[in-house]
Amino acid sequence: MAIIGFIFFSLALIGYSSAMRWLHVNPYLTWITGILVQIMLLFGFAMLGWLRLGIWLVTSFGVILLILRLSLGYFGKLAFKYEGWHLFDGWMIVLGLAMASVLIHSPLIHYDNFSHWATIVKFLTYTGHLPGAHDAIISFTSYPPATALFITQFVTFVGFNAGTMLVAQFGLIWAASYAIFATLRDRTRGLNSMLLCLAIAISYVFNINIRLNNLLVDYVLAILTMAALVGIFIYRNRPRIQAAHVALFSGSLLLVKNSAAFFVALIAGYYLYTLFTQTPAGPWFKRTIKLSATFLGTILVAALPFIWWEIHVHLTFTNSKHEISAQAYQSQLSQDGWQGFLKIGQQFVHQIFNLGSLSTQGLLGLNLLLIGAWAIIKYGCHHPNNLFKHLGWLDLISLLYYFSLLGMYVFSMPYAEAITLDGFERYMSTVVVLNLLIGAIWLVRVMDETFYEQDFAHRSPEAFRSIITKTTYQLTTFLMLFFAVIMMYSEINGTNFTNHYNRRTLPVKLTKIAQPWTHLNKTKLLIVDPQKVEVTTYYAGYLANYYFFTSNATGQAVFSKSRTAFKQNLSQYDYVAIPKYDQSFTLGIHKSYHQTIRTGFYRIHAHRLQKLSAQQVIH
């Protein structure tokens, strides 16, 4: 059944991609554009309360589009220009499938999967609607649902589990990554395309804090922003499709996460720049009116879905976690005072200038690389270039993002988390990845301009200045291919190692004693966890809520030695899950119930605990 569902979903995805080609979308942008169109359609259905119906209608419509495209092609009514296969296509397909084959067997471990990202997908999948005020299982109610909607669509047909969710999100990331090749001036040049592949592979080094085996969206923000900027550049001479592209990608980004506003501002800024440079000359007043109307109209259309979402959040919920507001700012100020803000700022500056910080290393490395490339191309190849100027723009983006991130710590995050700069490297990875990919695009285009033969039609194995330059080019291309493959396999092997390393973690151990529940409930459940930190940080509780689909799960690591207090504590719950052996709990059970228990899943009765097998359907 899962295979049939996967085929059905894949045919729909191909159908949307074909429809994008029909609408003259760039071939390398069709996949991600088709996915975002589906997300927007699903969002509309979800907001109207018709998510389940919407999933079937949107997916079925994709299959209909494919049938229509094949029928028109068969009768000679529709034909697309074939782009041909290139070296980077093989790299994307082979290594994409290799990564997906690892992710399909990967467990979810990271805290935020259970506090929100996996939980919201499970909620949408099994309830068929967005969370309401009474759905206490969803804590971060202000988080927009874009990626969750696409993942929900995928798992509806393929089956819900950790692996299928990870594959769905990776599919979105990989589709957006493919957009980078639209910037190539000549796609037959293996050196240029392999350099972009290497940049994609290296970008995962700076995503190492969460890797691809998590549903967190920090990397998604970067790769979607890159694809959006690529589209603005590619469509610079096609204003209508450029405006539609900006509206779609900006609107989608705003529905991925609230902090995407920073990246949408970057997209809007670049879009405005292209409008200034591409708008035909004419009377300045008419030109200004036309440009302003186009820009403001596009941004308004992009913002409408997010505005709709914000209205929904404020009408449905009284307050939301991590929501930036004047009230949250006043609360922080009254609680911690200016001294608290200054301490956060000092910690922030110290972290920025810490050479051991991965994000700092990435930004410094990118600066050194582009400065070196600029010098070599200008003085070694005698070709003036603007890499140095472009680097200044990347550094400005980094600086602005630092201020944006500091504002989040000060105004949105609880002081206890902000003073430790909780998640700093994860948040910074987004801008490092974005700058890396943009820098690679600029470098590749400048490199192409330095080639001996600038007429693409005359480029051939003989079109080199000398045998030395030809040999150098071939050797460098081979090295780029080698390192692009090695770096991507490093990520694949790293994910495999992480999965192996995590085999004794609480989420994996939990799968050994009980099957996940799929019906939303309010069952009171206790999960025993000998790791105190996992209890105090609510990790165990969030995990239990996600796994057993209840808002009444509690983690506990310390138990009373008093028989009466122990039984009183346990009597509050309907079930107890013991994924890992806990000596104090085992002794308490033996003393209070005269039973010997190490691990397992139990129904709590007045005078005994009833063990339930992992295969039993419990709820």
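It should be emphasised that the depicted structure is a prediction, and the values quoted were computed from it without experimental measurement.
Around CZ of Phe45, the count of heavy atoms belonging to other residues, nucleotides or ligands within 6.0 Å exceeds 12. Within 6.0 Å of atom NE2 in His129, more than 12 heavy atoms from other residues, nucleotides or ligands are found, so the atom counts as buried in its surroundings. Heavy atoms from other residues, nucleotides or ligands lying under 6.0 Å from CH2 of Trp308 number more than 12.
Atom-to-atom distance recorded for Leu266:CG and Leu434:CG is 7.0 Å, nearest 0.5 angstrom. Of the inter-residue distances, the one linking Ile3 atom CD1 with Phe6 atom CZ reads 10.0 Å to the nearest 0.5 angstrom. Expressed to the nearest 0.5 Å, how far NE2 of His116 lies from CG of Leu216 amounts to 10.0 Å. Rounding to the nearest 0.5 Å places CZ of Arg187 at 10.5 Å from OG of Ser193. With rounding to the nearest 0.5 angstrom, the CD1 atom of Ile32 is 9.0 Å from the CE atom of Met226. Between the CD1 atom of Ile441 and the CG atom of Leu436 there is a distance of 10.0 Å, given to the nearest 0.5 Å.
Residues Gln242 and Thr298 fail the side-chain proximity criterion, which asks for heavy atoms closer than 4.5 Å. Residues Tyr489 and Leu95 have side chains in contact (heavy-atom distance under 4.5 Å, counting atoms from C-beta outward). Side-chain contact between Phe549 and Pro516: absent, with no pair of heavy atoms (C-beta onward) separated by less than 4.5 Å. A 4.5 Å side-chain heavy-atom check between Met92 and Trp174 finds at least one atom pair inside the cut-off. A heavy-atom distance below 4.5 Å is not found between the side chains of Arg69 and Trp22. A heavy-atom distance below 4.5 Å is found between the side chains of Cys197 and Phe181. Side-chain contact between Ile438 and Leu229 is present, with heavy atoms from C-beta onward closer than 4.5 Å. Residues Thr33 and Leu23 fail the side-chain proximity criterion, which asks for heavy atoms closer than 4.5 Å.
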Report task. Check step by step if side chain to side chain contact (heavy atoms under 4.5 Å, CB included) holds for Leu11 and Ile67. Result -> CA-CA 9 Å; Leu11 292 177; Ile67 295 171; over 6 Å; no
Requested in this report: Quick one: do Tyr235 and Thr274 satisfy side-chain hydrogen bond (donor to acceptor under 3.5 Å, both in side chains)? Show the steps, please.
Outcome: CA-CA 10 Å; Tyr235 302 135; Thr274 59; over 6 Å; no
Requested in this report: Carefully, step by step, assess Phe61 and Leu65 under the rule side chain to side chain contact (heavy atoms under 4.5 Å, CB included).
Outcome: CA-CA 6 Å; Phe61 184 61; Leu65 287 173; 3.7 Å; yes
Query raised in the report: Going through the checks in order, is the side chain to side chain contact (heavy atoms under 4.5 Å, CB included) test met by Phe157 and Ile55?
Result: CA-CA 10 Å; Phe157 298 103; Ile55 288 174; 3.7 Å; yes
Query - Leu253 and Leu221: CA distance, side-chain angles, deciding distance, side chain to side chain contact (heavy atoms under 4.5 Å, CB included) verdict - result: CA-CA 7 Å; Leu253 271 167; Leu221 291 175; 4.0 Å; yes
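With hydrogens and angles disregarded, no donor-acceptor distance shorter than 3.5 Å links the side chain of Arg21 to the backbone of Thr30. Thr430 contributes a side-chain N or O that, together with a main-chain N or O of Asp218, makes up a donor-acceptor pair within less than 3.5 Å. Proximity of a side-chain donor or acceptor of Asn161 to a complementary backbone N or O of Ile104 within less than 3.5 Å is not detected. In terms of modelled atom types and a separation under 3.5 Å, the side chain of Tyr204 and the main chain of Leu212 share no donor-acceptor contact. Of the possible polar contacts, one joining the His245 side chain to the Ala228 backbone as a donor-acceptor pair under 3.5 Å is found. Counting only distance, with no hydrogens or angles, the side chain of Thr119 and the backbone of Phe114 share a donor-acceptor pair below 3.5 Å. Ser17 places no side-chain N or O within 3.5 Å of a backbone atom of Ile14 that could act as its donor or acceptor partner. Remark: side-chain polar atoms of Asn213 are not paired, donor with acceptor, to backbone N or O of Thr495 under 3.5 angstrom. Under the 3.5 Å distance criterion, the side-chain polar atoms of Asn113 are left unmatched by any main-chain donor or acceptor of Ala118. Judged by distance alone, the side chain of Arg211 and the main-chain N or O of Thr498 form no donor-acceptor pair under 3.5 Å.
Listed by chain and residue number, Tyr401 satisfy the ring pair (Phe, Tyr, Trp, His ring centres under 6.0 Å) test with Phe262 (two or more places apart in sequence, or in another chain). Under the rule for a ring pair (Phe, Tyr, Trp, His ring centres under 6.0 Å), the partners of Tyr126 that lie at least two apart in sequence or sit in another chain are Phe160. With sequence neighbours left out, Tyr111 forms a ring pair (Phe, Tyr, Trp, His ring centres under 6.0 Å) with Tyr542.
Here the shortest heavy-atom pairing between Gly132 and Phe317 reads O-CE2, 3.2 Å. Residues Pro107 and Leu166 share a closest heavy-atom pair of O-CD1, 4.4 Å. Of all heavy-atom pairs between Val485 and Trp91, the closest is N-NE1, 3.8 Å. Across Gly62 and Tyr16, no two heavy atoms sit closer than the pair CA-CE1, 3.4 Å. Heavy atoms only, all atoms of each residue included: Leu108 and Ala162 are closest at CG-CB, 3.7 Å. The two residues Val158 and Gly5 have their closest heavy-atom pair at CG2-C, 4.4 Å.
Between Tyr143 and Trp309, the ring center distance fails the sub-6.0 Å criterion.
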